[in-house]
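For reference, the structure discussed in these notes is given below.
If you read the sequence from its start, that first residue is 1, and numbering goes on from there.
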Amino acid sequence: MIGALLLGLVAGFIGRALVPNDAFSGMSGPKSWGVSIVLGLVGAIVGYAIFTLGLGIGDDDAFDLGGLLSAIIGVVIVLLVAGFALRRMGGR
């Protein structure tokens, strides 16, 4: 559980740093940390689905620190899709 939260925090932080002006860039404080953790966990699931289930490469555990690179790629994908969806819906 602690490893999954650390993975989420690190992957979410790095992913948000790689995507300039992401959909959640206006947040600060604890809310920003929470969004980073959730984005990292969702990104880990997306990365796991792409690399392990789709391509057959990678680790068997979705929330393992060894899957950090796939989680970061998943976070970037989630941020790009969320930004696109929010722009289409008339949000920020």
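With sequence neighbours left out, V19 forms a side chain to side chain contact (heavy atoms under 4.5 Å, CB included) with D22, V76, L79, L80.
In plain terms, the two heavy atoms of L7 and A71 that are nearest each other are CD1-CB, 4.1 Å. The heavy-atom pair separating S36 from F13 by the smallest distance is CB-N, 4.2 Å. Here the closest non-hydrogen pair linking V75 and R16 is CG1-N, 4.4 Å.
Under the 4.5 Å side-chain heavy-atom criterion for Ile, Leu, Val, Met, Phe, Trp and Tyr, F84 and I50 are members of distinct hydrophobic clusters.
Looking at F51 and I73, their side chains come closer than 4.5 Å, going by heavy atoms from C-beta outward.
To the nearest 0.5 angstrom, I14 atom CD1 is 9.5 Å from L9 atom CG.
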